[in-house]
Amino acid sequence: MNIEIRFPDGNTKEFPQNVTPLEIAESISSGLARQVITAKVNGAVVDCNFPIRQDAAIELIKFDSDLGKEVYWHSTAHLMAQAVQALFPTVKVTIGPAIENGFYYDFDTDVPFTDTDLEKIEAKMKELAKENLEFTRKELSRNEAMQLFADMGETYKVEILESIPEDDVISIYTQGDFVDLCRGPHIIHTGKIKAIKLLKTSGAYWRGDEKNKMLQRIYGISFPDKKLLRKYLHDLEEAKKRDHRRIGKELDLFSISDAIGAGLVLWHPNGAMMRSIIEQFWKEQHYAYGYKLVNTPHIGKAHLWETSGHLGFYNESMYNPIIVDEQEYYLKPMNCPFHIAIYQSHKRSYRELPIKYAEMGTVYRYEKSGALHGLMRVRGFTQDDAHIICMPEQLDDEVSATLDFSLAMLRAFGFEHFQIYLSTMPEKAVGTPEDWDKASAALRKALEKAEIDYEIDEGGGAFYGPKIDIKIKDALNRSWQCSTIQFDFNLPTRFGMEYIGADNEPHQPYMIHRALLGSLERFFGTLIEYHAGNFPLWLCPVQVKILPISEKFEAYGKTVIAQLKKAGIRAEMDISNEKIGYKIREAEMQKIPFMFIVGQQEAESNQVSVRRHTKGTLGAFSVDHMIDEILSEIAAKK
RNA sequence: GCUGGAAUAGCUCAGCUGGUAGAGCAACUGAUUCGUAAUCAGUAGGUCGGAGGUUCGAGUCCUCUUUUCAGCACCA
């Protein structure tokens, strides 16, 4: 009996019943058969040797798709577990999923894996891969499975089994002598895994809970082609060159000194210049968007933080208090109570709302030592903070305007790719579920209106309200929170904020916290990695470097600098006793956008010989012409 | 905070199983005055992150500690 198989392009073809995706691939071409990893049959992902019983729509999946990679890497994780158990029989297996780039497997072992162990495991994996061990699926009853893994001493698998819902199908996959509880699907056999690299080991808590035992995790990656692995490793090396900590040092932008304290940033002149340009732009934009700038102190009395609830909720991440005149003062972890104090400095009319107070507020939070990371996670940082205090009926418009402002701000710095999250009510929260729904709806409406993709982070909101977060990835694909727009149910109540409405009665306003860049430190870090230090001209600390051919032309160089500076262009001259090639190399490595080479010819014709960073020589131009060019590029913020 | 690495000159790094610290670049000095990614020569620079300990002797071994890297957990 034949069945009809329908392909994604709409074509159909007859096959005998129980035909497998692999056989279908073979019927098309041997190349496809070699490449096929898994298949979707009527939308369900299955193994390649899955017998298709009736008419179905099929989609053959190769490594070049996300799904193909996932199955391929997940299978490699199984292979790794097999190798680990072959080498270390007492090690218990837990879970081993595919991740965005590769896979990991968590093992329970008393002796952590060393780098040498990793090499051995990798070698064993390659050996097992060559054996072309078939992945075979078997479905069995809960009790059978329990018995099987209990006999093997795989207690974690038993624990997982216990948490699988009643009516779920339980399946195991076997390759060689290795058995693993798994939903599947898998690749056809281990021989499909051609290139393997185990990348790193680390500790990881069982089920992601720090109260549980710490397991040993091994991360790895694999490819069906050695060339792909080489490319991956090369790209990884390239990405490391974009590391903001490395570029920060190379371009003399910032440092973090052991002598001063972990997580406390020193902005060097180059970095501080960029920061000042960012701040200036930020201020202009905020005035344009109807914000009022405020400034507030770095410390405040304990009572303030008791009222705000920070001492209750975040006590462990606040710095210890300073005692002044027998009063406790805390370094501020947030700016909100101060902004509220400004709001409450006199009675407010509904006619004043919305009020938007903005401040580059430097805050201090005691981050756990293991969390610190360059500029991305620090203990003292400046938030580009603002609080919007509005009437309930203004909420939708304000959230929407803030989201637009946020995206515009990030785009102004060249960012195009964001991950956007809407975080909803967590377990520990203030406010009623109805309030949460209402506020979440306002946030959602703004996202829909802006027509941008976002994900829901279920239960990821702050205790005081739902929020929209915009994250940016660093060079190594790690996400860092940038903008955040947070609704607050907590503070207006706690501080008893009010305004007098048109009805001449007091009402409680709504409050939104928002930061667009997030923290200046972190934003700077992502900016460095995003541009790999090749900043847009308007942000460059030094826009033009004058390179005299020899000391004899320094006098002419000075006249050029004077003209540039008069036009507001940041220019410096290299007066080192070096040859022009050396000066160019220095300027190139400093990633300075414009190099003006000046010698005999230029001095005589009142020109400069222009070289552009990474682009090379552009030719000789008059200084006036170059000033026009540079100013228009700066104005365009490109 | 947890697991596992690491810390040697301003920077990047070498220093075998314990025998008293080295290179390149940078800096400084001198020569050179040069045409698009490194001119030559010389000089100086380190209580080997810190504190204990073992040892005749510690950069090297042990303990504690600080910082840092990767990941986990956390992230108002």
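Comparing the C1' positions of B/rA6 and B/rU20 gives an interatomic distance of 24 Å, to the nearest angstrom. The separation of B/rU63 from B/rG42, taken at their C1' atoms, amounts to 46 Å, rounded to a whole angstrom. Taking atom C1' in both B/rC34 and B/rC40, the straight-line distance is 13 Å, to the nearest Å. If you take atom P in B/rU68 and the same atom in B/rC25, they sit 31 Å apart, rounded to whole Å.
Per the stacking criterion (ring centres < 5.5 Å, plane angle < 30°), A/Y314 stacks onto the base of B/rA76.
Residue A/P112 is in sugar-phosphate contact alone, with no base atom involved, counting any heavy-atom pair closer than 4.0 Å across all strands shown.
OP1 or OP2 of B/rA70 sits under 4.0 Å from a side-chain N or O of A/R245. Residue A/K467 places at least one side-chain N or O under 4.0 Å from the OP1 or OP2 atom of B/rA76. Checking the phosphate oxygens (OP1, OP2) of B/rA37, a side-chain nitrogen or oxygen of A/R611 falls inside 4.0 Å.
With B/rG71, B/rU67, B/rA38 as the choices, the nucleotide that has an atom nearest any side-chain atom of A/R585 turns out to be B/rA38. The A/Y582 side chain lies nearest to B/rU39 when the options are B/rU36, B/rA76, B/rU39.
Below the 3.5 angstrom threshold, one finds a donor paired with an acceptor across the side chain of A/S317 and the base of B/rA76. Residue A/Y205 places no side-chain atom within donor-acceptor reach of the base of B/rG71, judged by atom type and a 3.5 Å distance cut-off alone. Taking 3.5 Å as the limit, the base of B/rG35 and the side chain of A/E602 contain a donor-acceptor pair of atoms between them. Judged by distance alone, with hydrogens and angles left aside, A/N577 brings a side-chain donor or acceptor within reach of the base of B/rC34, the pair sitting under 3.5 Å. Under 3.5 Å, the side chain of A/R207 and the base of B/rA73 form no donor-acceptor pair of N or O atoms. At a cut-off of 3.5 angstrom, the base of B/rU36 holds at least one donor-acceptor pair with the side chain of A/S609.
Atom CZ in A/R377 sits roughly 13 Å away from atom P in B/rG71 (whole-Å rounding).
Atom CD of A/Q508 sits about 12.5 Å away from atom CZ of A/F495, to the nearest 0.5 Å. Between A/K92 atom NZ and A/T155 atom OG1 the span is 3.0 Å, to the nearest 0.5 Å. Between A/T94 atom OG1 and A/F107 atom CZ the span is 7.5 Å, to the nearest 0.5 Å.
The partner of B/rU3 is B/rA70, by the rule that a Watson-Crick or G-U pair needs both atom distances under 3.5 Å. Remark: B/rC48 base-pairs with no nucleotide; criterion is Watson-Crick or G-U wobble with both hydrogen-bond distances under 3.5 Å. Taking a pair to require two hydrogen-bonding distances under 3.5 Å in either a Watson-Crick or a G-U wobble arrangement, B/rC56 pairs with B/rG19. Pairing for B/rC34 is absent, judged as Watson-Crick or G-U wobble with the two contacts each under 3.5 Å.
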Working note: A/F594 + A/K545, criterion side-chain contact (heavy atoms from CB on, under 4.5 Å); need CA distance, chi angles, decisive distance, verdict. CA-CA 6 Å; A/F594 284 96; A/K545 191 103 179 182; over 6 Å; no
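Classification of A/D110 and A/K213 as a salt-bridged pair holds, one side-chain N sitting under 4.0 Å from a carboxylate O.
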